[in-house]
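For the single chain, residues carry numbers from 1 onward in sequence order.
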Amino acid sequence: MFVDSHCHLDFPELSQDLDNILDKMKQNNVGRALCVSVNLPDWPRIIGLIEKYPHLLGSVGVHPDYEDTPEPTVDMLCEHARHPKIVAIGETGLDYYRLSEPLDWQRARFRVHIKAAVQSGLPLIIHTRSSAEDTIQIMKEEGANRCGGVMHCFTETWEVAQAALEQDFYISLSGIVTFKNAHQLHEVAQKLPLERLLIETDSPYLAPVPFRGKLNDPSKVIHVAEKIADLRGVTLKEIEQASTDNFFRLFQKAKP
């Protein structure tokens, strides 16, 4: 089966059509999906989903784009992480694209998440945009290699990917890899060790070709896998097997 390692099924764009989406996932052999937290006030929506559907899993964390939202503490994140179907801390990280300095609060929040991941023993889901140098630096300073995790929806250079791999992180590729002009990402897809690859949709965003510009959902993760297989010159089955094995190796609590 395929696994969508990062989606937002609790977002209104998808939750209002959930039965249809779950049916499409089944038709496309997408057997698991990780519903990723972006802020704490909405976190109960994720709990509602993962407690209702056996094949859905969740995380707990606060996205760096959410400025005016309750700040998490290490103890709070660790407490929420005790839920049996919460398999990761995040998404967290840095995003200098939408917001401008001073962003000390964003960097402090990132450090809190790393500490919580280390303390809870769960992997970290990292978002980085226009902030790769600081992201890698803080990972090193806080010892993120002690918890490991994934650089989700990766869009950086091969050099940044290598720095993340050295920190014991996986690289997750989204529908962006199917875009014609994503040459930098195509290089990453070709060079990345297969045992460090994850696939995702980041739905409802970033629908892969041939659905670009339309609403995305986890059933479309197969198109990400197809493009990676094409770029690497391997079979779709190889990408399916490797990415699924990698998911369960990283997210230990997700194992059946």
Side-chain angles (χ1 to χ4, degrees), residues 4-16 18 32-53 56-100 102-129 131 134-135 138-139 142 144 146-153 169 172 174 200-206 218 250-254:
D4 184 354
S5 68
H6 194 113
C7 64
H8 301 285
L9 286 177
D10 64 305
F11 283 17
E13 301 97 314
L14 299 179
S15 62
Q16 62 190 2
L18 193 58
R32 295 284 190 281
L34 177 49
C35 303
V36 176
S37 171
V38 294
N39 70 0
L40 295 178
D42 294 335
W43 189 68
R45 300 192 316 211
I46 289 177
I47 294 297
L49 283 174
I50 65 178
E51 289 183 345
K52 183 175 182 179
Y53 299 101
L56 300 183
L57 303 153
S59 73
V60 58
V62 183
H63 191 290
D65 276 352
Y66 286 69
E67 185 173 5
D68 298 315
T69 195
E71 282 296 332
T73 65
V74 173
D75 289 345
M76 183 190 305
L77 291 170
C78 289
E79 176 64 29
H80 289 333
R82 292 192 181 99
H83 189 287
K85 293 191 73 181
I86 294 299
V87 302
I89 301 294
E91 63 184 285
T92 182
L94 303 176
D95 192 321
Y96 298 168
Y97 181 78
R98 291 189 180 90
L99 302 173
S100 56
L103 293 174
D104 291 340
W105 61 269
Q106 205 179 80
R107 292 181 281 271
R109 180 188 292 172
F110 185 24
R111 293 179 189 275
V112 165
H113 282 79
I114 298 175
K115 288 179 170 70
V118 171
Q119 187 170 312
S120 67
L122 294 184
L124 199 62
I125 300 171
I126 292 183
H127 166 108
T128 181
R129 190 174 186 190
S131 56
D134 283 2
T135 299
I138 291 175
M139 289 168 68
E142 295 293 336
R146 293 178 291 166
C147 59
V150 57
M151 309 296 284
H152 109 89
C153 194
F169 272 68
S172 182
S174 70
E200 65 170 272
T201 59
D202 201 15
S203 51
Y205 313 117
L206 303 174
L250 175 61
F251 301 108
Q252 292 284 318
K253 281 177 69 177

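Note that CG of Asp10 is 4.5 Å distant from CZ of Arg45, once rounded to the nearest 0.5 Å. Distance check: Thr69 OG1 to Asp42 CG gives 7.5 Å after rounding to the nearest 0.5 Å. Separating the CD1 atom in Ile114 from the CZ atom in Arg146 is a distance of 9.5 Å, to the nearest 0.5 Å. Expressed to the nearest 0.5 Å, how far CD1 of Ile47 lies from CD1 of Ile86 amounts to 4.0 Å. Atom OG of Ser174 is separated from atom CG of Leu206 by 5.0 Å, given to the nearest 0.5 angstrom. Here the CD1-CE distance, from Ile126 to Met139, works out to 4.0 Å after rounding to the nearest 0.5 Å.
You'll find the side chain of Leu18 reaches within 4.5 Å of the side chain of Tyr53, heavy atoms only. Within the 4.5 Å cutoff, side-chain heavy atoms of Leu40 are placed close to those of Pro72. Residues Glu13 and His8 form no side-chain contact, since every pair of their non-hydrogen atoms from C-beta on lies 4.5 Å or further apart. For the pair Pro218/Leu9, a side-chain contact is recorded, criterion being any heavy-atom separation below 4.5 Å from C-beta on. Contact check for His152 versus Val36: no side-chain heavy atoms found under the 4.5 Å cut-off. Put simply, the side chain of Ile89 does not reach to within 4.5 Å of the side chain of Cys147, judged on heavy atoms. Here the side chains of His6 and His127 are not in contact, with every heavy-atom distance at 4.5 Å or above. Two residues are said to be in side-chain contact when any heavy atoms from C-beta on lie closer than 4.5 Å; Ile125 and His113 fail this criterion.
At distances below 3.5 Å, not a single donor-acceptor pair connects side-chain atoms of Lys115 with backbone N or O atoms of Thr73. Here the side chain of Trp43 pairs no donor or acceptor atom with the backbone of Gly61 at under 3.5 angstrom. The backbone N or O of Ile50 sits less than 3.5 Å from a side-chain atom of Lys85, completing a donor-acceptor pair. Under a 3.5 Å cut-off, the side chain of Ser131 and the backbone N or O of Arg129 do form a donor-acceptor pair. A side-chain donor-acceptor contact under 3.5 Å links Gln106 to the backbone of Pro64.
Nearest approach of Thr135 to Phe110, heavy atoms of both residues: O-CE2, 3.8 Å. Smallest separation of non-hydrogen atoms from Val150 and Phe251: CG1-CZ, 4.2 Å. Cys7 approaches Asp4 most closely through the heavy-atom pair CB-OD2, 3.5 Å. Nearest heavy-atom pair, Ser172 versus Glu200, reported as atom, atom and distance to 0.1 Å: OG-OE2, 2.8 Å. Nearest heavy atom pair, residue Cys153 against residue Asp202, reads SG-OD2, 4.0 Å. Here the shortest heavy-atom pairing between Tyr66 and Trp105 reads O-CZ3, 3.9 Å.
By the 4.0 Å N-to-carboxylate-O rule, Arg109 lies close enough to Glu71 to be salt-bridged with it.
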Quick one, Ile138 with Leu94, criterion side-chain contact (heavy atoms from CB on, under 4.5 Å). Give me CA distance, side-chain angles, the key distance, then yes/no.
CA-CA 10 Å; Ile138 291 175; Leu94 303 176; 4.1 Å; yes
